[in-house]
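Encoded as structure tokens, the structure appears first; notes follow it.
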Amino acid sequence: MSLAKELARSGIDVSDDLVRRRAASADFAWLSPVLQRRLPGEPADVVAWPRDGDELAACVAVAHRHEVPVTPRGRGTGNYGQAVPLRRGLVIDCTRMRRVLAVDDGWARVEPGVTCAALEGAARRSGQELALFPSTTQSTIGGFLAGGAGGSGSIDHGLLWEGFVASVDVLACVDAPGVEHVSGSATRPFLHAYGTTGVLAGARIRLDRAREWTGVIASFEDFGAGAAVGNRLLDASVPLRLLGVSEADLVANFPPRPFLPPDRASLRCVTPTGTVSAVIDMLAGGGGRVEGEGPRLVPVVTSLSYNHVTLRAKQADPAICHLQVSGPVLSDDPDAVRRCLPDGRLHLDAMRAGGVVGFGGLLISRFEAEPLLREGVIALTELGVHVVDPHTWSVWDGDGSVARTARRMDPDGLLNPGKLER
Ligand code: FAD
């Protein structure tokens, strides 16, 4: 019996319709001209939409018996091709597993398909809020844990493998997968591993006490002045859920709004309502012009952070590409950073990484050819910039723990194959 028929016979919603298979086999990898060219055009053979943990386990078991590759999927907003199946097979779309199972003091237990926005809503009803979430607020918690890194909350909490996840429930890719409960630091090989170490059936993740947040947007004559004030806000430990600075050429790609003058650099932040006046004083003291403030600006600021800046630039000019960059040199010598690539432009996002608070960000440039991009990466590295390459779908596995875990959880190499060197 075919894979699709066997899944359907178990009562699982399944489809082999080409349009649905194509939709379930794509993500935002098109932000990278390199990935766009390299990713295979062939979609998965079958898509399944499990509604609960039993159906999810059945999907994995049936796929394993058929020796078919399995690519788990949330909302498909990953931008490294994480959710794109390289070897066809079965895509398991987890978005119907979207229950918030429990909210307790400081933590929530969820199914993988709940969106960050829905979980934030559930947390708020208990007087709490999500400690960390990406700018793609409609993406799923499972996809964020398996494919993301940070976002709103990262100034306080760092990246998602730095205390955001208390435990995960994972399914191995075997004939009869049971749920493995993994907690604390042992969760690390399951985070940002693109589903290669197991299919996440649930997670327990961190909540904070809810605060009332306000968005503040200021403009600056030049990017350097905005970045300097951003650094002063971070040095003064002003509480911030989000802080970004973009140069004018990138602001010109944003939706036209009175508080985003397109000929000026823009600093945008989210701060507790009680600290707004202190923030405004610091912005004005550093040469900024406050363009707007209020709780209604929080979603605006969120939607102009992290790779949303790349998305806007790409929509304005399909010929651009981006690099994820970090290090003090971004704000100390932005000109030197820009010069590493043709038509380089900078956007900064503040975050804590490895315990250090500072600016990471995006270097957006004109894409000419891949060798030129690689030369740019070398020049940036020589300048002291740390570069994360968004033009690869390979899982980063510094200490080999992802590969070791994958060999145990996925002995036949069926989970999202081609993404991890095993
Ligand atoms: P998907 O893209 O569907 O999947 C991501 C990865 O997780 C895939 O490898 C998939 O196989 C795996 N996966 C999904 N569900 C499971 C599961 N149940 N078990 C095991 N593996 C699973 N990322 C950030 O970290 N911060 C940001 O601020 C941010 N901003 C972005 C802005 C834009 C415009 C874009 C395009 C992307 C951005 N991203 C960001 C990347 C991405 O949106 C996030 O990481 C998002 O949380 C991924 O969730 P998703 O539901 O879309 O997952």
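Just follow the structure's listing: the first ligand is 1, and inside any ligand the first atom is 1.
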For Trp161, the side chain to side chain donor-acceptor pair (under 3.5 Å) test, sequence neighbours excluded, returns none
Within the heavy-atom cut-off of under 4.0 Å, ligand 1 is lined by Phe28, Pro72, Arg73, Gly74, Arg75, Gly76, Thr77, Gly78, Asn79, Gln82, Ala83, Cys94, Pro112, Pro134, Ser135, Thr136, Ser139, Thr140, Gly142, Gly143, Phe144, Ala146, Gly147, Gly148, Ala149, Gly150, Tyr194, Gly195, Gly198, Val199, Leu200, Tyr306, Asn307, His308, Leu311, Asn416
Sequence neighbours excluded, the answer for side-chain contact (heavy atoms from CB on, under 4.5 Å) partners of Ser32 is Val34, Leu35, His391
Checklist line | Charged N-O contact under 4.0 Å between Glu111 and Arg98 | finding: no
- Message: Under 4.0 Å between a side-chain nitrogen and a carboxylate oxygen: does that hold for Asp389 and Arg374?
- Response: yes
With sequence neighbours left out, the residues meeting side-chain contact (heavy atoms from CB on, under 4.5 Å) with Arg51 are Glu55, Arg96
### Ion pair check, Glu162 and Arg352, cut-off under 4.0 Å
no
